[in-house]
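To keep things clear, I will list the structure first and then write my remarks on it.
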Amino acid sequence: MTAASAYTPDSRYAWIRLIISLVLAVVGGIGLWLAVVVLPTIQAEFGVDRAGASFPYTATFLGFAAGGFAMGKMADKFGITVPITIAGVSLGIGFFLAAWSASYWQFVVVQAVFIGFLGSAATFGPLVADASQWFLKRRGIAIAIVASGNYIAGTLWPPFMQAAIQSYGWRWTYMAIGVLCAVVMVPLAQFLRKRPHFHDTASPASRSAGQKGLLPTHRLLFPALVLAGLSCCVAMSMPQVHIVAYCADLGYGPARGAEMLSIMLGFGVLSRLVSGLVADKLGGLTTLIAGSAMQMLALLAYIPFDGLASLYVVSAIFGLSQGGIVPSYALIIRDHFPARQAGTRISTVLTATVFGMALGGWMSGEIYDWTGSYTMAFLNGVAWNVLNLSIALWILYVRRPHRPSLTPAVA
């Protein structure tokens with residue numbers, strides 16, 4: 001093997017790099033889920049209502065959304081090592097500052113700026129975009145693996161964090177996590193210094209036989225993908241953000257809710273990996289349509305099935321249904337837009353998904369406060385899911401080769 005071939009797409013180096021990226025995503029993803037686990041604790045600590053207790057999560061995801069776009073542009077310009085190093089340092093500092101918060105609003109600001117914007121944001125969209133540059137034949141599964149990092153974080157960390165909070169308090173738990181993030185992420189980021197060679201090529205599953213380069217695109221495709229990312233995650237956020245509080249309301253306790261969140265996200269990891277394999281065969285758009293339809297059905301199932309055993313089952317089904325949706329956007333972007341824009345475009349769409357999670361988490365809390373139950377919040381999620389599925393079907397329609405409105409993508 002020559003020195004040049006060692007750094008080609010789908011090479012051994014690409015897979016080693018992928019493993020490092022997954023570890024970074026799992027550790028950096030802690031910041032996204034800790035605010036969910038501490039939601040009942042924060043409500044009691046600072047004397048706020050359910051919407052107020054949900055707002056630190058929303059603030060974290062708003063910071064995460066804005067940071068995803070900024071860190072994606074930084075990765076396009078300087079490489080992924082710079083934003084990941086910044087993230088490791090910021091998470092270390094941010095968790096300590098949050099632990100010493102003297103007021104509710106101080107806690108919210110730290111969550112938004114240090115944990116969301118400067119911290120966890122770099123470990124999602126920018127890492128997914130970077131992984132997409134190093135794979136062609138296995139681009140779908142590679143993107144799915146890295147995108148699974150935040151789900152693995154949501155699977156692994158909540159039970160441990162819940163136990164630590166019960167034993168040592170939420171402030172000591174925050175400080176311990178800050179140390180972990182800094183000592184793991186900063187050194188690992190240095191192994192990702194190699195810059196990729198850019199390949200403006202759609203994945204084999206997405207392009208027709210003999211076609212090279214990018215697939216045709218539509219002038220409204222990118223805005224449609226942004227809106228699709230927003231809408232799918234407004235729907236997705238309802239169970240993910242409120243399952244702990246929902247179980248507490250039903251009398252099952254927050255620990256059962258944390259277990260359901262872990263089950264949901266654990267099956268989400270499985271779903272993402274399977275969807276990645278499917279996408280390598282059928283393409284990202286087909287995977288998106290299937291995932292969106294299944295997520296809508298799973299959301300509807302939460303309404304009639306609220307027994308303890310039923311909720312465990314429905315949470316598992318929900319995880320299996322929605323895990324492949326978000327990685328599909330990255331595949332669609334890589335099929336239609338120049339590789340040198342991958343960091344910015346993928347991070348922008350994934351930023352929209354994060355903003356959707358933030359909006360949906362807050363919106364569900366508000367609907368709960370208005371109605372006194374989560375039934376309307378679930379129905380609100382279903383409505384947003386219908387919008388997402390409609391956009392995915394529209395993209396399928398405009399991509400048909402006989403459509404005269406299609407124009408070639410340009411670098």
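Sequence positions, counted from 1, serve as the residue numbers for this chain. Since the model is a prediction, treat every value here as computed from it, not as a measurement.
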Check against side-chain contact (heavy atoms from CB on, under 4.5 Å), I346 and S132: CA-CA 10 Å; I346 290 175; S132 77; 4.0 Å; yes
Verify the neighbour count for atom [atom1] of [X]: are there more than 12 heavy atoms of other residues, nucleotides or ligands below 6.0 Å?
| X | atom1 | answer |
| --- | --- | --- |
| F114 | CZ | no |
| F69 | CZ | no |
| Y312 | OH | yes |

Between R193 and T81: side-chain donor-acceptor atoms closer than 3.5 Å: no
Any [X] side-chain heavy atom under 4.5 Å of [Y] side chain:
| X | Y | value |
| --- | --- | --- |
| M74 | I80 | no |
| V274 | V278 | yes |
| Y302 | F318 | yes |
| V244 | V37 | no |
| M264 | Q240 | yes |
| L230 | T353 | no |
| Y374 | M238 | yes |
| L62 | L359 | no |

[atom1]/[X] to [atom2]/[Y] distance, rounded to the nearest 0.5 angstrom?
| X | Y | atom1 | atom2 | result |
| --- | --- | --- | --- | --- |
| I20 | L192 | CD1 | CG | 5.5 Å |
| S364 | N380 | OG | CG | 6.0 Å |
| M161 | I177 | CE | CD1 | 5.5 Å |
| I145 | L127 | CD1 | CG | 13.5 Å |
| F135 | S11 | CZ | OG | 7.5 Å |
| L225 | F337 | CG | CZ | 6.5 Å |

Between [X] and [Y] (side chain of the first, backbone of the second, donor and acceptor by atom type, cut-off under 3.5 Å), is there such a pair?
| X | Y | value |
| --- | --- | --- |
| S310 | F305 | no |
| S231 | A228 | yes |
| Q190 | V186 | yes |
| W157 | V26 | yes |
| S315 | L311 | yes |

Worked check of side-chain contact (heavy atoms from CB on, under 4.5 Å) between D280 and K137: CA-CA 7 Å; D280 281 333; K137 293 180 180 179; over 6 Å; no
R345/H336 under side-chain contact (heavy atoms from CB on, under 4.5 Å): CA gap, chis, key distance, verdict: CA-CA 11 Å; R345 287 190 182 272; H336 295 85; over 6 Å; no
For [X] and [Y], which heavy atoms make the closest approach, and how far apart are they?
| X | Y | result |
| --- | --- | --- |
| A352 | V226 | CB-O, 3.3 Å |
| I115 | A98 | CD1-CB, 4.5 Å |
| P239 | F378 | CG-CE2, 4.2 Å |
| S271 | G324 | OG-N, 3.5 Å |
| S237 | G356 | OG-O, 4.2 Å |
| S292 | N388 | OG-OD1, 2.6 Å |

Worked check of side-chain contact (heavy atoms from CB on, under 4.5 Å) between C233 and W384: CA-CA 8 Å; C233 288; W384 283 91; over 6 Å; no
side-chain hydrogen bond (donor to acceptor under 3.5 Å, both in side chains): pairs with one or both residues in residues 116-128, sequence neighbours excluded: none
Residues which pass salt bridge (Lys or Arg N to Asp or Glu O under 4.0 Å) with R138, listed by chain and number, not counting sequence neighbours: none
Partner residues of R17 under the salt bridge (Lys or Arg N to Asp or Glu O under 4.0 Å) criterion, sequence neighbours left out: D130
Validation row, ring centre H242 to ring centre Y368 under 6.0 Å: no
side-chain contact (heavy atoms from CB on, under 4.5 Å) partner of L396, chosen from I289, L288, T286: I289
